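All of these numbers come straight from a predicted model, not from anything done at the bench.
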Amino acid sequence: MKERASNIELLRIIAMTFIVIWHISIHAQKGEAATHDFITATTTTGVNLFLLITGYFGLKLRWKSYLNIIAMVIFYSLLSIIINYYVFGCQPSINDVFKAVNPFGITAYWFVDYYIILLLLSPILNIIKDRATDKEYIYLIGILVYLSCIIGLLFGRTINKNGYCIMQFITMYYIGDAIKRFKLTNRISNKYLIAIYIASTFILYIGGIFNIPGRAAYNNPILMAAAISLFCIVAKMQFASKHINSYAKCMFPVYLIHEGLFGKNIYYLLYEIGAKQNYYSHEYALSLLFYIVVLFVGAAIIENIRRAIMDKPIEMLCNFLNKRINIFP
């Protein structure tokens with residue numbers, strides 16, 4: 001089995017750290033902290049980074065890839081419901097339970113829903129990119145960017161209003177693959193990539209200060225440029241680390257835990273603590289740091305336990321389905 005590129009796996013960890021910090025700012029601080037505009041400018045690249053990584057490595061639809069993501073969502077959703085009930089006394093609704101246990105990709109997580117759709121579409125998406133010439137591929141990406149950034153963001157059409165849709169996922173998936181296909185990390189020097197990243201981040205920060213609409217939309221071309229440039233900067237690094245590769249596998253559980261029902265109630269607690277101190281004190285900063293450390297360490301521990309319990313049954317089910325219903329190309 002080919003060893004994963006540790007530089008890209010490190011980027012996966014960075015992206016999830018960005019997402020957690022961004023969610024703290026908008027959910028646990030409700031955008032009220034003085035740092036909100038800075039955090040928005042520097043961390044909202046997280047989702048696009050994840051999609052670039054997905055495109056760079058590529059998706060292959062198999063029973064194992066589909067069942068693994070479904071099993072993880074069911075496990076962490078049910079765990080969140082149970083802990084939420086015993087810690088906060090919150091009775092789950094029928095809708096909460098349905099979203100937790102259904103096997104069809106209708107979950108409580110918007111990112112997961114669209115990621116599963118992207119996975120299901122991947123055989124067709126891969127055929128298109130594999131058969132397209134370089135000129136056809138550049139044209140395809142140009143059209144997707146035009147539809148997302150101009151028709152969607154600028155003119156507000158439903159095809160992609162703010163990046164929370166499958167069109168954005170497909171666009172970034174192809175861009176991630178194009179970075180690898182056209183070897184952009186070799187063609188663009190670090191000084192230009194760093195300049196693009198700093199300039200893009202600064203523009204996003206100014207956009208926050210002046211409250212410019214769409215500044216935090218995932219299909220904002222400035223935000224996309226920041227994500228692409230940061231991706232290329234990290235992709236240029238070449239090193240190997242089994243620890244990073246192993247820990248990066250826990251990033252999806254980090255997302256599922258902190259965005260689950262229990263995680264959302266933790267936001268409310270953090271908000272109460274922060275609002276009383278105007279989000280500024282050493283004690284509050286330490287409480288946020290403690291939350292992030294416990295979240296990342298806890299996710300790694302729980303994921304190892306989950307895999308010890310679920311990996312073999314999933315493998316057996318995949319083998320059975322591959323023999324009986326081998327429908328994937």
Is there a donor-acceptor contact under 3.5 Å linking the side chains of [X] and [Y]?
X: S65; Y: N68; answer: no
X: Y137; Y: D177; answer: yes
X: N265; Y: N84; answer: yes

Test item: [X] and [Y] side chains (from C-beta on) under 4.5 Å apart, heavy atoms:
X: T44; Y: N220; value: no
X: L204; Y: T40; value: no
X: V145; Y: I175; value: yes

Original post:
Do the two ring centres, one from F88 and one from F262, sit under 6.0 Å apart?
Top reply: yes

Original post:
For the residue pair Y164 and F111, is the inter-centroid distance of their aromatic rings smaller than 6.0 Å?
Top reply: no

Original post:
Which atom names give the shortest non-hydrogen contact between L67 and C318, and what distance separates them?
Top reply: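 The pair with the smallest heavy-atom distance is CD1-SG, 3.8 Å.
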
Table please: side-chain donor-acceptor pairs of residues 165-173 below 3.5 Å, with sequence neighbours left out.
{"residue": "Q168", "atom": "OE1", "partner": "N160", "partner atom": "ND2", "Å": "3.1"}
{"residue": "Q168", "atom": "NE2", "partner": "N48", "partner atom": "OD1", "Å": "3.2"}
{"residue": "Q168", "atom": "NE2", "partner": "Y218", "partner atom": "O", "Å": "2.9"}
{"residue": "T171", "atom": "OG1", "partner": "S148", "partner atom": "OG", "Å": "3.3"}
{"residue": "T171", "atom": "OG1", "partner": "M167", "partner atom": "O", "Å": "2.8"}
{"residue": "Y173", "atom": "OH", "partner": "L59", "partner atom": "N", "Å": "3.1"}
{"residue": "Y173", "atom": "OH", "partner": "N126", "partner atom": "OD1", "Å": "2.7"}

Subject >> Lys NZ or Arg CZ of K30 over Y271 ring: under 6.0 Å, within 45° >> reply: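 The answer is yes; both the distance and angle limits are met.
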
List the atom pairs, with distances to 0.1 Å, where a side-chain N or O of residues 196-203 and a protein N or O form a donor-acceptor pair under 3.5 Å, not counting sequence neighbours.
{"residue": "S200", "atom": "OG", "partner": "I196", "partner atom": "O", "Å": "2.7"}
{"residue": "T201", "atom": "OG1", "partner": "Y197", "partner atom": "O", "Å": "2.8"}

Original post:
Can Y115 and Y109 be said to form a ring pair (Phe, Tyr, Trp, His ring centres under 6.0 Å), step by step?
Top reply: CA-CA 10 Å; Y115 188 86; Y109 308 90; over 10 Å; no

Please name all residues satisfying side chain to side chain donor-acceptor pair (under 3.5 Å) with [X], sequence neighbours left out, ordered by chain then number.
X: N211; result: R215
X: R157; result: none
X: D37; result: none
X: E303; result: Y76, R306

Original post:
Any donor and acceptor pair, going by atom type alone, linking the side chain of T45 with main-chain N or O of A227 inside 3.5 Å?
Top reply: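 No, T45 side chain to A227 backbone: no donor-acceptor pair under 3.5 Å.
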
Original post:
Near I94 CD1, under 6.0 Å, is it more than 12 heavy atoms from other residues, nucleotides or ligands?
Top reply: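 Atom CD1 in I94 is not packed in, count stays at 12 or less.
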
